[in-house]
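Everything on this sheet refers to the single structure shown next.
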Amino acid sequence: MKKIFVIAQKEFSSCFHSWLGVLVGTLFFILTGVFFMILVLSYAKISMNPQQFGLSSLAGVNQTQFVFGSFFTNCSLLVLFFVPLLTMRSFAEEQRQETLELLFTYPLSDFEIVAGKHLGLVWFFELLLLPLLGYLAVFHWLGGEFDWGPVLSGFLGFWLLGLAYLAVGVFISSLTRSPVVSALGTLSVLLIFWIFDWVETISDGPWARVFAALSPLKHFRDFTMGILDVQNVVYFAFFFLYFLFLALASIETRNWKH
Amino acid sequence: MKKKTVSSSVVRFEHVSKKYGSVRALDDVSFEINAGEIVGFLGPNGAGKTTTMRILAGFFAPSRGKVWIRGIDLFRHPQKAKRSLGYLPEAVRLYPDMRVAEFLRYVARLKDVPRKSRNIHVQGKMALCGLTDVGHRLIGRLSKGYRQRVGIAQALLGDPDVLILDEPTSGLDPKQIAEIRALIRTLGKERAVILSTHILPEVSMVCSRVVMINQGKIFASGTVKELESCLKDRQEISVRVKGRVYRQGAIDLLKGLPGIEALRMREEPGEELWFIFEIAREEDPRAQITQLFVQQNIPLVEIQRVKLTLEDIFLHLLQEGRFARRPS
Ligand SMILES: Nc1ncnc2c1ncn2[C@@H]1O[C@H](COP(=O)(O)OP(=O)(O)O)[C@@H](O)[C@H]1O
Ligand SMILES: [Mg+2]
């Protein structure tokens with residue numbers, strides 16, 4: 001089991017070997033920073049002059065909700081496009097370079113390989129989250145006030161959403177030997193999941209409920225509103241494990257087809 | 001499960017078959033390898049050598065049959081069995097963005113080399129393979145010969161009892177080939193080495209035993225000496241006939257002779273046909289053939305008689321894609 005960490009360390013450090021990892025990290029840092037600033041500034045504008053915005057007073061507007069709720073919603077859109085770039089190399093690149101052959105002959109299980117690949121990317125994703133804590137500090141320093149509850153649950157939700165998307169990406173990556181196909185495939189699948197979230201707004205039949213229940217965004221939204229529901233955590237755990245095992249099955253097919 | 005024989009063999013293939021879809025790459029292959037042996041798998045391209053090496057290295061499972069590594073079933077307890085294996089794939093591919101020493105340390109961790117001795121262990125293998133000076137270089141920037149050495153070094157990490165080398169010298173220049181062969185001979189002193197090759201001289205230079213494989217089947221195996229001695233009592237006779245019209249007549253006549261094997265025909269320009277077959281050493285059917293052909297009015301131009309060598313078998317194999325006899 002400790003070999004999961006060996007693989008994860010290699011995956012994590014290879015994120016820095018390519019321009020892509022550094023670029024994705026930098027862009028994510030800049031874009032989230034811009035989102036955050038815009039939200040803080042527009043909140044400041046409203047709070048200075050609530051009447052102008054049709055609000056009799058500020059009492060009705062929850063500062064935490066206004067800034068952090070929208071912030072995490074925007075971030076969820078950002079990871080939709082960034083995760084495919086992070087996961088596209090995971091298995092596809094190794095299949096293209098044929099470096100997996102050796103890995104499969106070392107004394108470790110397929111599960112350790114797949115789990116290690118996931119974990120390495122999860123670490124990198126968590127590294128991307130670190131600056132967000134910085135924004136929190138800046139906000140606090142500027143005199144902004146917030147409830148810890150919704151902020152922390154928003155973070156938790158965003159982390160779970162990222163993990164779920166990474167698992168989709170790693171699975172798609174294991175299906176192909178082309179990183180580009182992997183990235184486009186992952187993006188398509190994530191977009192389809194994104195559309196699941198809309199179905200409920202156009203119809204309310206039993207099918208709409210099924211789609212809504214399967215939609216990652218719907219489960220994620222509860223977190224951004226500060227609602228901590230065990231069901232949502234369980235949903236993301238299943239989502240993650242489901243795609244992890246699909247990836248495992250996908251690399252095990254070498255035993256019967258090649 | 002009944003306990004499998006207490007044989008001394010380090011590697012044991014039992015009735016192994018492998019299919020890729022409908023392509024049968026290995027067909028009921030069985031063999032054993034003992035410690036201290038360097039065994040050469042010899043066969044033309046597409047014979048099934050790489051497939052054998054991959055199964056032996058635990059890369060994928062066979063469609064049928066069992067593989068035992070030091071008495072452990074490779075596909076029931078893969079992690080345990082793989083500790084005894086070191087594998088160099090054909091045209092080995094390594095992470096181009098890693099540095100040599102960094103890569104070898106990574107592999108050493110995956111192969112359970114204890115932390116305390118890891119650095120010394122890795123340095124030892126680097127020295128053995130002549131990599132000490134390139135430890136800090138990116139693998140992607142190394143020459144092919146050096147990459148091959150990195151490939152051998154990673155196979156040696158963890159001091160496995162069995163080394164599997166798939167075409168270890170292919171694509172290298174003559175100097176590199178000589179160096180790698182010398183290295184393999186050194187390595188073979190303490191462990192079992194299995195290498196595949198399509199170059200016959202390599203087998204007699206490096207290996208103590210040879211297994212010949214073609215179209216997924218083992219058709220001969222033994223020490224180089226044994227194979228040669230079992231060929232000593234064979235000879236090859238070639239008969240040249242002028243005129244294609246006599247083709248069937250000649251075939252019928254030759255088939256009628258007692259003790260001939262592996263009869264084949266080759267067309268030459270100028271209406272000439274060569275008939276080639278093998279026959280036991282003591283026999284000399286030349287006089288009889290001349291007589292028979294003259295009786296039937298078939299224009300016989302030439303008869304040759306050649307002793308068969310290991311090289312000959314192998315060449316036939318390459319040309320014909322088959323070989324009729326099975327030395328035991
Ligand atoms: N991945 C594969 N998919 C389908 N057929 C394969 C594959 N690999 C090898 N084969 C076929 O299996 C046979 C044996 O191949 P291989 O073991 O690579 O031979 P060798 O290494 O002796 O050249 C060949 O006919 C080859 O075409
Ligand atoms: Mg081969």
Side-chain angles (χ1 to χ4, degrees), chain A residues 1-23 88-117 119-120 124 174 177 179 248-258, chain B residues 18-21 23 25 50-51 53-63 69 72 74-75 77-99 102-103 105-113 115 138-140 150-151 154-155 157-158 160 164 166:
Chain A
M1 277 300 150
K2 70 171 197 291
K3 287 182 197 162
I4 292 179
F5 293 97
V6 181
I7 304 263
Q9 265 175 31
K10 189 213 158 257
E11 285 305 299
F12 180 72
S13 58
S14 77
C15 286
F16 300 95
H17 287 173
S18 75
W19 278 107
L20 193 76
V22 178
L23 194 75
M88 67 187 223
R89 285 164 48 96
S90 145
F91 276 105
E93 179 80 357
E94 292 223 24
Q95 284 179 117
R96 191 172 68 81
Q97 294 184 338
E98 295 171 30
T99 44
L100 276 181
E101 178 165 2
L102 269 182
L103 198 53
F104 288 144
T105 60
Y106 294 144
L108 72 168
S109 65
D110 288 358
F111 174 77
E112 285 169 311
I113 294 174
V114 174
K117 291 237 167 220
L119 187 60
F124 190 73
S174 74
R177 42 174 57 238
L248 188 61
S250 153
I251 69 160
E252 275 177 348
T253 57
R254 71 180 185 281
N255 286 318
W256 46 272
K257 97 168 196 262
H258 205 71
Chain B
K18 175 80 186 177
K19 282 175 156 187
Y20 297 111
V23 180
T50 297
T51 307
M53 303 290 134
R54 284 182 161 173
I55 291 174
L56 182 50
F59 172 64
F60 50 38
S63 317
I69 309 288
I72 303 166
L74 177 58
F75 294 96
H77 307 285
Q79 296 195 56
K80 203 166 160 213
K82 282 173 178 174
R83 294 228 167 88
S84 318
L85 297 177
Y87 175 48
L88 172 73
E90 187 175 10
V92 61
R93 308 292 298 269
L94 308 162
Y95 301 106
D97 57 343
M98 285 180 99
R99 295 178 192 280
E102 177 197 14
F103 170 70
R105 276 197 301 268
Y106 168 62
V107 176
R109 291 175 74 188
L110 292 178
K111 287 193 172 188
D112 301 298
V113 176
R115 188 197 190 105
L138 283 175
I139 294 175
V150 178
Q154 65 79 32
L157 288 171
I164 307 156
D166 196 357

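Just so it is clear, the structure is predicted and the values come from calculations on it, not from any experiment. Here is how names work: the chains are called A, B, and so on, in the same order as the sequence lines, proteins then strands, and each is numbered from 1.
Rounding to the nearest 0.5 Å places NZ of A:Lys2 at 9.0 Å from CZ of B:Arg109. With values rounded to the nearest 0.5 angstrom, A:Tyr106 atom OH is found 7.5 Å from B:Leu157 atom CG. In this structure, NZ in A:Lys3 is found 10.5 Å from NZ in B:Lys111, a value given to the nearest 0.5 Å. Separation of atoms CD (A:Glu101) and CG (B:Leu88) is listed at 9.5 Å; rounding is to 0.5 Å. Residue A:Lys10 holds its NZ atom at 8.5 Å from CD of B:Glu102, rounded to the nearest 0.5 Å. Distance OH/B:Tyr106 to CD1/A:Ile7: 3.5 Å, rounded to 0.5 Å.
With hydrogens and angles disregarded, no donor-acceptor distance shorter than 3.5 Å links the side chain of B:Lys82 to the backbone of A:Thr105.
Of the two parts of A:Glu93, neither the backbone nor the side chain holds a non-hydrogen atom closer than 4.5 Å to a non-hydrogen atom of chain B. Proximity to chain A is absent for every atom of B:Leu85, based on heavy atoms less than 4.5 angstrom apart.
Put simply, the residue from A:Leu108, A:Leu102, A:Ile113 that forms a side-chain contact (heavy atoms from CB on, under 4.5 Å) with B:Leu110 is A:Leu108.
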CA sep, side-chain torsions, deciding dist, call: A:Glu94, B:Tyr95, side-chain contact (heavy atoms from CB on, under 4.5 Å):
CA-CA 8 Å; A:Glu94 292 223 24; B:Tyr95 301 106; 2.9 Å; yes
Apply the test side-chain contact (heavy atoms from CB on, under 4.5 Å) to residues B:Asp97 and A:Ser18: give CA-CA distance (whole Å), side-chain angles for both, the deciding distance (0.1 Å), then the verdict.
CA-CA 8 Å; B:Asp97 57 343; A:Ser18 75; over 6 Å; no
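In A:Phe5, the CZ atom is not crowded: 12 or fewer heavy atoms of neighbouring residues, nucleotides or ligands sit closer than 6.0 Å.
Between B:Gln79 and A:Glu112 the shortest side-chain heavy-atom distance falls below 4.5 Å. Under the 4.5 Å side-chain criterion, counting only non-hydrogen atoms from C-beta, A:Pro107 is not in contact with B:Lys80.
For the residue pair B:Met98 and A:His17, the shortest heavy atom distance occurs at CG-CE1, 4.5 Å.
Interface remark: of the candidates B:Ala91, B:Gly58, B:Pro89, B:Gly151, B:Pro89 forms the most heavy-atom pairs closer than 4.5 Å to chain A.
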